[in-house]
Amino acid sequence: MKLRSCAKTDVGLKRKNNEDLFFVDEKQGLFIVADGMGGHAAGEVASRIAVETVFQSLQTSDWDNPHEQLKQAIEKANRAVEKAANSNNAWQGMGTTLTVLLLHQQQAFLAHVGDSRAYRFNNQQLEQLSDDHSLSGEQLRQGMISTEEAHSSGFGNILLQAVGISPELDICLKHYPLAVGEHFLLCSDGLSDMLTDTEIAHILQKEKNLNTRCDQFINQAIAAGGKDNVTVVMVQIDEI
Ligand code: CA
């Protein structure tokens, strides 16, 4: 498999700290976005512990069962963040989203918890692969609100589960066959809250260069208010 990737993060305009974190390992085909939460900069600690735990537990993996291995790595991260939170009063209640993409043997494996998103872009079409584990995401799945209402909902950021906070995680696991020329986008809600899917698709259709696309995502999220930390990871599949 041949792939290219680009990743960027920005603190945005309103936050003092950047609690988002990305991890990219092109060789292994492993890509992670985490969006930490918690007072006293604990969100930064939560996202760092979670990402480190996941990539360390997957480092020696021979991928005989990718979904099970991704699931176990996220469960391990859940315990690690919770343990750290219990060890320090300032870190109590901290947690993080985790969106993990593994590209292996002509397949894309997705594992995620929270509302950081994974999209696929192919034939000029954008498709959200992940479910938002948020109140508005749940209302959307149940048909109670429309996509537009979900996007403008004040409940969008209320997470139904997060790594380090939920004793039992309901990890979303999906897999897809890979196609040459398709792209994956992982992002924190600092992008998806600021830009609609139509605006995200427009950047992907207009810009061909990965680096320019990532810059455009960050710049437009900031131009739209930059209310939160914004993180994007883009992967392009050149050969499978
Ligand atoms: Ca966020």
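We use all heavy atoms of the structure for the numbers below, so side chains are in, but hydrogens, waters and symmetry mates are not. First listed ligand is number 1; within each ligand, the first listed atom is number 1.
Remark: K227 does not engage D193 in a salt bridge, criterion side-chain N to carboxylate O under 4.0 Å.
For the Ca ion (ligand 1), the N/O/S atoms of E19 include none lying under 3.0 Å. The Ca ion (ligand 1) has no N, O or S atom of D20 under 3.0 Å away, backbone or side chain. Residue contact annotation: D115 places no N/O/S atom under 3.0 Å from the Ca ion (ligand 1).
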In residues 27-46, what donor-acceptor pairs under 3.5 Å come from side-chain atoms, sequence neighbours left out?
from, atom 1, to, atom 2, distance (Å)
Q28, NE2, L58, O, 2.9

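Within D189, the N/O/S atom positioned nearest the Ca ion (ligand 1) carries the name OD1. For D35, the N/O/S atom at the shortest distance from the Ca ion (ligand 1) is named OD2. Taking the Ca ion (ligand 1) as reference, D228 places its N/O/S atom OD2 nearest.
With hydrogens and angles left out, the side-chain atoms of S116 and T99 include no donor and acceptor closer than 3.5 Å. Under the 3.5 Å distance criterion, with hydrogens and angles disregarded, a donor-acceptor pair is assigned to the side chains of S188 and D20.
Here salt bridge (charged side-chain N to carboxylate O under 4.0 Å, His left out) pairs that include residues 45-65, with residues two or more places apart or in two chains, are R48-E52.
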